[in-house]
Amino acid sequence: MRKLQQTRLHNPPEVLGNCFSTVIACFLDIDSPEDVIQIQEKFGEDDWNMQLQDWLKERGWVWGTIPGHLYDNSFYTVTGKVSRSDAKHICIYQNGELYHDPNPSKEGLISEDIFETFIKEAKVCFKCNLMQPLTEYYKHPKMGDGLLGKCKS
């Protein structure tokens with residue numbers, strides 16, 4: 001899990017903060033929030049959620065709501081209010097505790113309203129270069145994701 005800082009701080013109407021894009025980059029192990037869908041620019045569109053899901057699906061990930069804090073060492077997101085503005089903000093949590101706030105202030109949230117997570121459903125085989133479901137990989141405890149990088153076929 002990367003700990004990246006957001007590259008766009010919320011200052012409407014000129015700039016919409018990219019905390020959500022930064023959190024996505026952290027989860028997907030992408031070098032920069034600028035290399036991720038800038039979902040904050042799509043919030044005014046009715047299908048912004050579908051656009052995000054499509055973008056994630058192309059990369060083998062899904063995003064969904066969870067009922068609350070998780071206590072299984074996994075990472076998840078919490079969206080809520082912050083003291084510095086009326087805008088919503090998203091942070092990464094682990095075991096009920098703040099793990100990473102992408103804002104340089106590192107203040108965290110003053111309310112916890114929405115709980116979500118990103119789940120890896122597929123990955124690209126380094127041998128055949130095709131996106132394959134995770135079930136197509138043998139388990140390997142020494143690999144970062146617990147699976148070999150080469151698919152079964």
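Distance CD1/Ile90 to CD/Glu116: 5.5 Å, rounded to 0.5 Å. Remark: Leu109 CG to Asn103 CG distance equals 10.5 Å, nearest 0.5 Å. With rounding to the nearest 0.5 angstrom, the NZ atom of Lys42 is 5.5 Å from the CD1 atom of Ile37. The line from OG1 of Thr77 to CD1 of Ile92 is 8.0 Å long, rounded to the nearest 0.5 Å. One finds the SG atom of Cys26 at 9.5 Å from the NZ atom of Lys3 (value rounded to the nearest 0.5 Å).
Within a 6.0 Å radius of CD in Glu45, more than 12 heavy atoms belonging to other residues, nucleotides or ligands are found. Heavy-atom contacts from other residues, nucleotides or ligands closer than 6.0 Å to CE of Met50 number 12 or fewer. More than 12 heavy atoms of other residues, nucleotides or ligands sit less than 6.0 Å from atom CG of Asp72.
Looking at Arg8 and Glu41, a side-chain N of the basic residue comes within less than 4.0 Å of a carboxylate O on the acidic one, giving a salt bridge. Using a 4.0 Å cut-off between charged nitrogen and carboxylate oxygen, Asp113 and Lys88 count as a salt-bridge pair. Between Lys81 and Asp86 there is no salt bridge, since no side-chain N of the basic residue sits under 4.0 Å from a carboxylate O of the acidic one. Using a 4.0 Å cut-off between a side-chain N of Lys or Arg and a carboxylate O of Asp or Glu, Lys106 and Asp101 do not qualify as a salt bridge.
Leu98 and Cys91 make their closest contact through CD1-CB, 3.5 Å (heavy atoms, listed as atom of the first residue, atom of the second, distance). Across all non-hydrogen atoms, the minimal contact from Val15 to Leu9 is CG1-O, 3.3 Å. The heavy-atom pair separating Asn18 from Pro33 by the smallest distance is ND2-CB, 3.7 Å. For the residue pair Gly17 and His10, the shortest heavy atom distance occurs at N-ND1, 3.2 Å. Annotation for His100 and Leu4: closest pair NE2-O, 2.7 Å, computed over non-hydrogen atoms.
Here the side chains of Asn73 and Asn95 are in contact, with some heavy-atom distance below 4.5 Å.
Note on ring orientation: taking the six-membered ring where Trp is involved, the planes of Phe118 and Phe20 are tilted (angle from 30° to 60°).
Checked by atom type, the side-chain pair Gln5/Thr22 shows no donor-acceptor distance below 3.5 Å. Looking at Gln51 and Gln53, their side chains never bring a donor and an acceptor atom within 3.5 Å of each other.
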Pair up each side-chain donor or acceptor in residues 142-153 with any protein partner under 3.5 Å, not counting sequence neighbours, and list the distances.
residue: Asp145; atom: OD1; partner: Lys123; partner atom: NZ; Å: 3.4
residue: Asp145; atom: OD1; partner: Leu147; partner atom: N; Å: 2.9
residue: Asp145; atom: OD2; partner: Lys123; partner atom: NZ; Å: 2.8
residue: Lys152; atom: NZ; partner: Thr135; partner atom: O; Å: 3.1

Please table the atom pairs, donor to acceptor, closer than 3.5 Å between any side-chain atom in residues 56-68 and protein atoms at least two apart or in another chain.
residue: Arg59; atom: NH1; partner: Trp55; partner atom: O; Å: 2.7

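Remark: side-chain polar atoms of Lys120 are paired, donor with acceptor, to backbone N or O of Ala122 under 3.5 angstrom. Here the side chain of Glu121 pairs no donor or acceptor atom with the backbone of Ile119 at under 3.5 angstrom.
Within the structure, the ring-ring contact (aromatic ring centres under 6.0 Å, His included) test picks out the following pairs touching residues 70-98 (sequence neighbours left out): His69-Tyr76, His69-Tyr93, Phe75-Tyr99.
A chain of hydrophobic side-chain contacts below 4.5 Å, direct or via other Ile, Leu, Val, Met, Phe, Trp or Tyr residues, connects Ile39 to Phe27. Linking Ile, Leu, Val, Met, Phe, Trp and Tyr whenever their side-chain heavy atoms come within less than 4.5 Å leaves Leu70 and Met1 in two separate clusters.
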Using the rule given for side chain to side chain donor-acceptor pair (under 3.5 Å), can you reason through Ser21 versus Gln40, listing the C-alpha separation, both sets of side-chain angles and the distance that settles it, and then say yes or no? CA-CA 8 Å; Ser21 296; Gln40 75 280 0; 3.3 Å; yes
Please evaluate residues Gln6 and Val23 with respect to the criterion side-chain contact (heavy atoms from CB on, under 4.5 Å), reporting the C-alpha separation (whole Å), side-chain torsions for both, the decisive distance (0.1 Å), and the verdict. CA-CA 8 Å; Gln6 61 188 96; Val23 164; over 6 Å; no
